[in-house]
Amino acid sequence: MFFSKRIWAPTESVGEIAFPRRYNQEKKFSCDDCETKKIQEEDMLGEFSKAHEAIRSLDSSIAKIRFEMPSTKTFLGTKEMEDLPTMITADTERIGIRRKPFVVIGINTAFSGRRRRDSIRETWMPQGEELLRLEQEKGIVVRFMIGHSAISNSILDRAVDLEDTQHKDILRLDHIEGYHELSAKTKDFFATAVANWDAEFYVKVDDDVHVNLGTLAATLARHRLKSMVYIGCMKSGPVLNRKNVKYHEPEFWKFGDPGNKYFRHATGQIYAISRDLAKYIAINRPILHKYANEDVSLGAWLIGLEVEHVDDRSMCCGTPPECEWKAQAGKVCVASFEWSCSGICKSVQRIKHVHAKCGENAATLWDALL
């Protein structure tokens, strides 16, 4: 490329570098050894032509190879191409098959939550062949998510492994369990889920919340064309700076003066994020800051991105009679719990009652268009 402060009319040339007339005239009068300059210019033009021909030859070769090679889709077929598994290395350093479901739902649970898990298995979460069918036919993956104890191969870990052998519905995380580590556990869940399933959405729900899976799937389907979406019951609670109170925020000073509220974020009982956001968390988890409260942490990770916040109040209905009235009116709730308990109070004893009054029709799940 040649640049000049002078302006001249472009000359017509084919495969040659055109020099302006004025430039040639100035060169004629200013050159002391014209023959030497001419030879040098001819050499440069010759090298340029050789390079140009080499590039054209390379382009031609690549085009020929592309033409002669059968396309992947032609070789495999469109359906096989879509179903082609991608080999990935999970956090546990095992090789697995990356699958493409519609949504992956992680139910946050603890070592002490066996009775809660069983109560969910007996109500809104399918079991055995039905759980596998749900995954294969509808693309809805449901797993209890739990980490490990601080002691390797402890009795707690062995009990969970035995439970998973029986039910095949537990996702183990590379995470040390602890109540004050929920923000870290959330990051680990999204990272592990993204590594194992290439889903359109990822949902986190607590193990003391009632969920209608078909209604949840239909709700998410309305947002499937959005690449950066964050769905839940959005709230903005006070930043608690007093010690020894529930939900105390040690870093309260970052949120301004005492009495301030948090930025808008989804309540932690249940929320959903799209694939791109889950991948963002998985990739950047080493540098994402953790606040004391897990739902605040998630909101903080997303607040600076071009994310659409969707405030869906069907994801935070009350227990009967509220969710029952809504179901009778044709507005079935996605999730039901009680704010006073941050879940269903005494959920082991009461979730069956909530399911009986507020559970969706079985056809809602299996007839969902996903």
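Values below: every heavy atom of this structure, side chains too, minus hydrogens, waters and symmetry copies.
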Next item on the list: Please lay out, stage by stage, how S314 and D312 fare under the test side chain to side chain donor-acceptor pair (under 3.5 Å).
Entry: CA-CA 6 Å; S314 70; D312 192 325; 2.6 Å; yes
Next item on the list: Evaluate disulfide (SG to SG under 2.5 Å) for C358 paired with C323, printing each intermediate quantity in order.
Entry: CA-CA 6 Å; C358 305; C323 59; 1.8 Å; yes
Next item on the list: Test L240 against E249 for side-chain contact (heavy atoms from CB on, under 4.5 Å), laying out the working first.
Entry: CA-CA 6 Å; L240 302 178; E249 178 57 72; 5.6 Å; no
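Here the side chain of R275 pairs no donor or acceptor atom with the backbone of S227 at under 3.5 angstrom. One N or O on the side chain of D157 and one on the backbone of S149 form a donor-acceptor pair closer than 3.5 Å. Side-chain atoms of D208 never come within 3.5 Å of backbone atoms of S347 as a donor-acceptor pair (strictly under, hydrogens ignored).
E137 and R133 are joined by a salt bridge, as a carboxylate oxygen and a charged side-chain nitrogen come within less than 4.0 angstrom of each other. The residues R172 and D164 are annotated as not salt-bridged, no charged nitrogen and carboxylate oxygen being separated by less than 4.0 angstrom. Electrostatic pairing of R121 and D118 counts as a salt bridge here, judged by a charged N lying under 4.0 Å from a carboxylate O.
With a 4.5 Å cut-off on side-chain heavy atoms, K204 and M145 count as touching. Inter-residue side-chain proximity for L305 and L277 is flagged as met; some heavy-atom pair is nearer than 4.5 Å. Side-chain contact between V203 and I270 is present, with at least one heavy-atom pair separated by less than 4.5 Å. Using a 4.5 Å cut-off on side-chain heavy atoms (C-beta onward), I140 and P101 make no contact. At a threshold of 4.5 Å between non-hydrogen side-chain atoms, the residues L171 and W197 count as touching. No side-chain heavy atom of W124 sits under 4.5 Å from any side-chain heavy atom of L216. Contact of the V348 side chain with the R116 side chain is registered, since non-hydrogen atoms from C-beta on lie closer than 4.5 Å.
Pairing each heavy atom of W301 with each of S183, the nearest pair is CH2-O, 3.6 Å. Shortest non-hydrogen contact noted between I351 and S119 is CG2-CB, 3.7 Å. Residues C345 and S340 come closest through the heavy atom pair SG-OG, 3.8 Å. Closest approach of L220 to A272, counting heavy atoms only: CD2-CB, 3.6 Å. In terms of heavy atoms, I344 sits closest to R350 at CG2-NH1, 3.6 Å. Shown here for S274 and M228, the closest heavy-atom pair between the two residues is OG-CA, 3.5 Å.
Applying the salt bridge (Lys or Arg N to Asp or Glu O under 4.0 Å) rule to E129 yields no partners; only residues at least two apart in sequence or on another chain are considered. Considering only residues two or more places apart in sequence or on other chains, T215 meets the side-chain hydrogen bond (donor to acceptor under 3.5 Å, both in side chains) condition with E360. Take S342 and apply the side-chain hydrogen bond (donor to acceptor under 3.5 Å, both in side chains) test, not counting sequence neighbours, and it matches Y247. By the salt bridge (Lys or Arg N to Asp or Glu O under 4.0 Å) test, K254 pairs with E251, sequence neighbours left out. For the side-chain hydrogen bond (donor to acceptor under 3.5 Å, both in side chains) test, no residue two or more places apart in sequence or in another chain qualifies with Y230. Taking the salt bridge (Lys or Arg N to Asp or Glu O under 4.0 Å) definition, one finds that K235 meets it with D295, sequence neighbours left out. For K168, there are no salt bridge (Lys or Arg N to Asp or Glu O under 4.0 Å) partners at least two apart in sequence or on another chain. Under the side-chain hydrogen bond (donor to acceptor under 3.5 Å, both in side chains) criterion, R117 pairs with T109, E163, not counting sequence neighbours.
Atom CZ of R313 sits in a crowded spot, with more than 12 heavy atoms from other residues, nucleotides or ligands closer than 6.0 Å.
Residue V194 is grouped with residue I281 when hydrophobic side chains (ILVMFWY) are merged at heavy-atom distances under 4.5 angstrom, including chains of intermediate members. If you chain together hydrophobic residues whose side chains sit under 4.5 Å apart, L173 and I273 fall into the same group. F144 and L134 fall within a single hydrophobic cluster, where Ile, Leu, Val, Met, Phe, Trp and Tyr side chains are chained together by heavy-atom contacts under 4.5 Å. Under a hydrophobic clustering in which Ile, Leu, Val, Met, Phe, Trp and Tyr are joined whenever their side-chain heavy atoms come within less than 4.5 Å, directly or via other members, M315 and V332 fall into different clusters.
Counting side-chain heavy-atom gaps under 4.5 Å among Ile, Leu, Val, Met, Phe, Trp and Tyr, the cluster of I303 also holds V239, F252, W253, F255, Y262, F263, Y291, V296.
In this structure, F102 and F201 have perpendicular ring planes: the angle between them is above 60°, well past the 30° mark.
The distance from atom CG of D207 to atom CG of N108, rounded to the nearest 0.5 Å, is 6.5 Å. We find the CD-CZ distance between E177 and F111 to be 5.5 Å, quoted to the nearest 0.5 Å. To the nearest 0.5 angstrom, L213 atom CG is 8.5 Å from M125 atom CE. With values rounded to the nearest 0.5 angstrom, H223 atom NE2 is found 4.5 Å from I231 atom CD1. We find the CG-NZ distance between L182 and K290 to be 11.0 Å, quoted to the nearest 0.5 Å. The CD1 atom of I120 lies 9.0 Å from the CG atom of D206; values are rounded to the nearest 0.5 Å.
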Using a 3.5 Å cut-off and no angle test, enumerate the donor-acceptor pairs between side-chain atoms of residues 362-370 and protein atoms at least two apart in sequence or in another chain.
residue: T364; atom: OG1; partner: N361; partner atom: O; Å: 3.2

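Among residue pairs with one or both ends in residues 337-361, those qualifying as ring pair (Phe, Tyr, Trp, His ring centres under 6.0 Å) are H210-H355, F337-W339; sequence neighbours excluded. Sorted by first then second residue, the side-chain hydrogen bond (donor to acceptor under 3.5 Å, both in side chains) pairs that include residues 317-334, not counting sequence neighbours, are T319-E338, E322-K326.
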